[in-house]
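See below for the structure under consideration.
Values below: all heavy atoms of this structure, side chains included; hydrogens, waters and symmetry mates excluded.
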Amino acid sequence: IPVNVPDAKLWADTDGQVVMSVCTPDLGLTEKTYTTRQESRPIEKEVLLDGAWELAAQYPGVEAVSHDTGTLLKITCRHGQPVEFRLKKK
């Protein structure tokens, strides 16, 4: 599966599903100081996969939408933490 996002990792599992992890180190802070009381903001990432895929379960902040000949994943990242989820072929 070609993935064109530098902060996404993808690997196959033994049960035929694919595990994907998406992360962004950007905290979405608007205040650019050494320390801040400002909370990190959610950052939306989109990943377009070739082929028809669906989420193997429900994952908070992850949505899979059919898109032309592929599948568009919409992932909400926050606090610089990775979002990990499983995909399976439709």
Partners passing side-chain hydrogen bond (donor to acceptor under 3.5 Å, both in side chains) against Gln58 (at least two apart in sequence or in another chain)
none

Name every donor-acceptor pair, under 3.5 Å, that has one atom in a side chain of residues 66-75 and the other anywhere in the protein, sequence neighbours excluded.
unit_1	atom_1	unit_2	atom_2	d
Thr71	OG1	Gly51	O	2.8
Thr71	OG1	Trp53	N	2.9

Checking Ile43 now: which residues fulfil side-chain contact (heavy atoms from CB on, under 4.5 Å) with it, not counting sequence neighbours?
Thr24, Asp26, Lys45

Value for OG1 (Thr76) from CZ (Arg41), rounded to nearest 0.5 Å, stands at 13.5 Å

Can you name the side-chain contact (heavy atoms from CB on, under 4.5 Å) partners of Gln38, sequence neighbours left out?
Leu29, Thr30, Glu31, Thr36

Show the nearest heavy-atom pair for residues Gln81 and Cys23, with the distance to one decimal.
C-SG, 3.9 Å

Check whether any side-chain heavy atom of Val83 lies under 4.5 Å from a side-chain heavy atom of Tyr59, and answer yes or no.
no

Is there a side-chain contact between Met20 and Val47, using heavy atoms and a 4.5 Å cut-off?
yes

Closest non-hydrogen atom pair, Ser21 against Pro82:
OG-CB, 3.5 Å

Any residue meeting salt bridge (charged side-chain N to carboxylate O under 4.0 Å, His left out) with Glu39, in chain and number order, not counting sequence neighbours:
Arg78

